[in-house]
Structure formats: structure tokens, C-alpha cells
Amino acid sequence: MEAYSCFAQVYDLFMDNVPYKEWGERIKEILTSYGIRDGILLELGCGTGKLTRELAAFGYDMIGLDHSIEMLGIAREQEDMAAGGARKEILYLFQDMREFELYGTVRAIYSACDSMNYLLAEEELLQVFRLVNNYLDPGGVFLFDMNTPYQYAEVLKDGTFAENRE
């Protein structure tokens, strides 16, 4: 995704307020409630892999998929720098979530940080849902978040969002 080519280098700096650890714990809690305590998980729109690494730390075999080669490069670098060396290796895939392909099925798929909002047409969303359905194990779980038109039109409508950092 071209929009993240230059931004990838500072993405984590501007996302430093995101509680990835808590999100990872919540996703694990939800998955556990569905009996998914291990196996392969896929993250759509994994970005720099912070949440992907949180789930890997719980013992899941992780696949992180993103459409920005720069974001995936940072994800790989950060995984390499992870302390301990006992972490499971994460498979990062440079693919568009509207056309992704896997070699088999996964126990669960999730997408966080409003990544699904990059799908601008209903048909794109439906295509992702078809692919998710195709690659989920029977009884698998799909978790995602999205902002709604109301959020953009009413809550965020005239807001200016800026940060002043070195």
C-alpha cells in the first residue's frame, strides 16, 4: 500500500498509545472461549507486527499479512530483535487482503486497527469475507473491527488531529 511507504518508518511512533498487549490478551480470551488455544492464526493488515507478536507469545503459530512491503520489513526487523530467541517464527506475507492465498486453513483470522476500513466498496468487503470463509477451519473464528459511516460523519467529522513531536 503506497500510503504506508514513507509512513512505515514512523508508524509505531504514532501508534505508541495503542494497547497492543491488552488487545492481544482480549483476542486470546475470545479465541479461548471458542476452544482455540493453539494452532495457526492469520492477521489481516498486520502492519509492523506488534499485535502479531503478542499472539505468537501466547503460543499460536502466526501468519501476518499486509499490503505494505515497508511495514512487513519493519515487522521482520522487530521480530529479529525480539529478546530471548525462543519466539516462534512468524510467517509474513506481502499480499492484499482482497486477494490473499494460503496453502491451507487456519484456526482463526483477525484484523485490528481498523484495517478493514481500507476496503472502500461493498464488493471488496464481501470478497474478503469469502476468502476468510474459504481459509478458516470448520468452526474457525473471524474477528475484526471497523469504523462506521456514523463515526466518520458525526464523531470525527470536523476534527483536526495533529501531533507535535520531535
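Thr105 and Asn134 get closest at one heavy-atom pair: CG2-O, 4.1 Å. For Ile74 against Thr48, the heavy-atom pair with the smallest separation is CG2-CG2, 3.7 Å. In terms of heavy-atom proximity, Gly49 sits nearest to Tyr92 at CA-OH, 4.1 Å. Considering every non-hydrogen atom in both Ile30 and Ser33, the closest pair reads O-OG, 2.6 Å. Taking each heavy atom of Ser115 and Gly45 in turn, the nearest pair found is OG-O, 3.4 Å. Here the closest non-hydrogen pair linking Cys113 and Asp145 is N-OD2, 3.4 Å.
When hydrophobic clusters are built by joining Ile, Leu, Val, Met, Phe, Trp and Tyr residues whose side-chain heavy atoms come closer than 4.5 Å, directly or via intermediates, Trp23 is not grouped with Phe142. Met97 is not connected to Phe94 by any chain of hydrophobic side-chain contacts under 4.5 Å among Ile, Leu, Val, Met, Phe, Trp and Tyr, and they are in different clusters. Cluster membership check: Ile40 does not share its hydrophobic cluster with Leu51, using side-chain heavy-atom separations under 4.5 Å among Ile, Leu, Val, Met, Phe, Trp and Tyr. With hydrophobic clusters built from ILVMFWY side chains whose heavy atoms lie under 4.5 angstrom apart, Ile63 shares a cluster with Tyr135. Cluster membership check: Met116 does not share its hydrophobic cluster with Tyr20, using side-chain heavy-atom separations under 4.5 Å among Ile, Leu, Val, Met, Phe, Trp and Tyr.
Note on Glu123 versus Arg130: salt bridge recorded, some NZ/NE/NH1/NH2 to OD/OE distance being below 4.0 Å. Electrostatic pairing of Glu29 and Arg26 counts as a salt bridge here, judged by a charged N lying under 4.0 Å from a carboxylate O.
For Arg107, the salt bridge (charged side-chain N to carboxylate O under 4.0 Å, His left out) partners are Asp38, not counting sequence neighbours.
Considering CD1 of Ile109 and CZ of Phe144, their distance stands at 12.0 Å, rounded to 0.5 Å. Taking CD1 of Ile27 as the reference point, atom CG of Leu41 lies at 9.0 Å (rounded to 0.5 Å). Taking CZ of Arg98 as the start and CD of Gln127 as the end, the distance is 10.0 Å to the nearest 0.5 Å. Separation of atoms CG (Leu42) and OG (Ser111) is listed at 9.0 Å; rounding is to 0.5 Å. To the nearest 0.5 Å, atom CG of residue Leu55 and atom OH of residue Tyr60 are 7.0 Å apart. For the atom pair Thr52 OG1 and Tyr110 OH, the distance stands at 4.5 Å (nearest 0.5 Å).
The backbone N or O of Cys46 lies less than 3.5 Å from a partner atom in the side chain of Asp66, making a donor-acceptor pair. In this structure, the side chain of Glu124 engages the main chain of Ala121 through a donor-acceptor pair within 3.5 Å. Formation of a donor-acceptor pair under 3.5 Å by the Gln95 side chain with backbone atoms of Glu101 is found in this model.
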Checklist entry - Can you check side-chain contact (heavy atoms from CB on, under 4.5 Å) on Lys28 and Glu54, steps first, answer last? => result CA-CA 10 Å; Lys28 179 184 181 249; Glu54 290 293 334; over 6 Å; no
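More than 12 heavy atoms of other residues, nucleotides or ligands shown are found within 6.0 angstrom of CZ on Phe129. Around CD of Glu22, the count of heavy atoms belonging to other residues, nucleotides or ligands within 6.0 Å exceeds 12.
At least one side-chain heavy atom of Phe100 sits less than 4.5 Å from a side-chain heavy atom of Leu44.
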